[in-house]
Every structure is written in structure tokens, then in C-alpha cells.
Amino acid sequence: QSGIDRRGFARLERDTQLTNLSVQNRAQVAVTNLQITPVLLDAHGRVAQQGQVRQLRITLKPGETTTVDSGLGVMTAEQVAALRVSVTSVQVAQ
């Protein structure tokens, strides 16, 4: 388990194979059409590698979680520690 997206929309969890991301809706309303980008940071906190933008065309109720492929492949423990997710777009579900 790792940190919470600074805007509170997604919590990032790494699976045991280190290839999937669990994205949880931390908002108090249902959200839809999330756009997320997984990134690996270097030792200076800069983006060292960016995964593909993921479009999640689903609706997540408050607290609901979905799992998506990070697009970064199998990672070392150091890379896992440097993995972050950026939520670049989200809509409130109607």
C-alpha cells in the first residue's frame, strides 16, 4: 500500500506481482471517466519513467476500487517505492 493522490481521488496499491495498480475513489461522490498516469520518480523526485495514460471509462462509487495494469512491467523493490499515480482528469458521475 502506498500514498494517497494529493487531490484525494485515488489510492495506489501495488500487487504482489508489481504490475497492477489498485485505484480507489477517495471522494465522497461517485466519479467516472478517470484518466490516470503511472510514473516512476528518480532519487530527486523527478519523473524518470512514465507509463501510458489509462482511461478508466467506469463509474467508481465512494470507497470503490478497481485494478489496472501499470503499463510499466515488473519492477524492482526500489522502483515500486518510487511509483506514483497522477489523476489528470475525473468527472463527477451523474
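Here, residue 1 is the first one in the sequence, and each next residue gets the next number.
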Discussion item. How close do Q24 and G63 get, counting heavy atoms only, and between which atoms?
Written reply: NE2-O, 3.0 Å
Fill in: Minimum heavy-atom distance between P62 and A27, given as atom pair plus value
CB-O, 3.5 Å
Worksheet item: Do E64 and N25 get their side chains close enough for a donor-acceptor pair, meaning under 3.5 Å?
Response: no
Worksheet item: Roughly how far, to the nearest 0.5 Å, is CG of D69 from CD of Q52?
Response: 9.0 Å
Fill in: Step-by-step side chain to side chain contact (heavy atoms under 4.5 Å, CB included) determination, V85 to V39
CA-CA 6 Å; V85 65; V39 296; over 6 Å; no
Item to complete: For L60 and V23, work out which heavy atoms get closest and say how close.
Response: CD1-O, 4.1 Å
Fill in: L56 and I36, any side-chain heavy atoms less than 4.5 Å apart
yes
Item to complete: Hey, could you give me the CG/OG1 distance between L34 and T59, rounded to the nearest 0.5 Å?
Response: 9.0 Å
Worksheet entry | Separation of T67 OG1 from L21 CG (nearest 0.5 Å) | 8.5 Å
Worksheet item: Going through the checks in order, is the side-chain hydrogen bond (donor to acceptor under 3.5 Å, both in side chains) test met by Q91 and T32?
Response: CA-CA 5 Å; Q91 296 175 338; T32 190; 5.6 Å; no
Discussion item. I'd like to know if the side chain of T88 reaches the main chain of Q35, judged simply by a donor and an acceptor atom lying under 3.5 Å from each other, with no hydrogens or angles considered.
Written reply: yes
Worksheet item: Once you round to the nearest 0.5 Å, how far does OG of S89 lie from CG of N33?
Response: 7.5 Å
Item to complete: Find the distance between CD (Q49) and CG (D42) and round it off to the nearest 0.5 Å.
Response: 12.0 Å
Item to complete: Output the distance between atom CZ (R54) and atom OG1 (T66), rounded to the nearest 0.5 Å.
Response: 12.5 Å
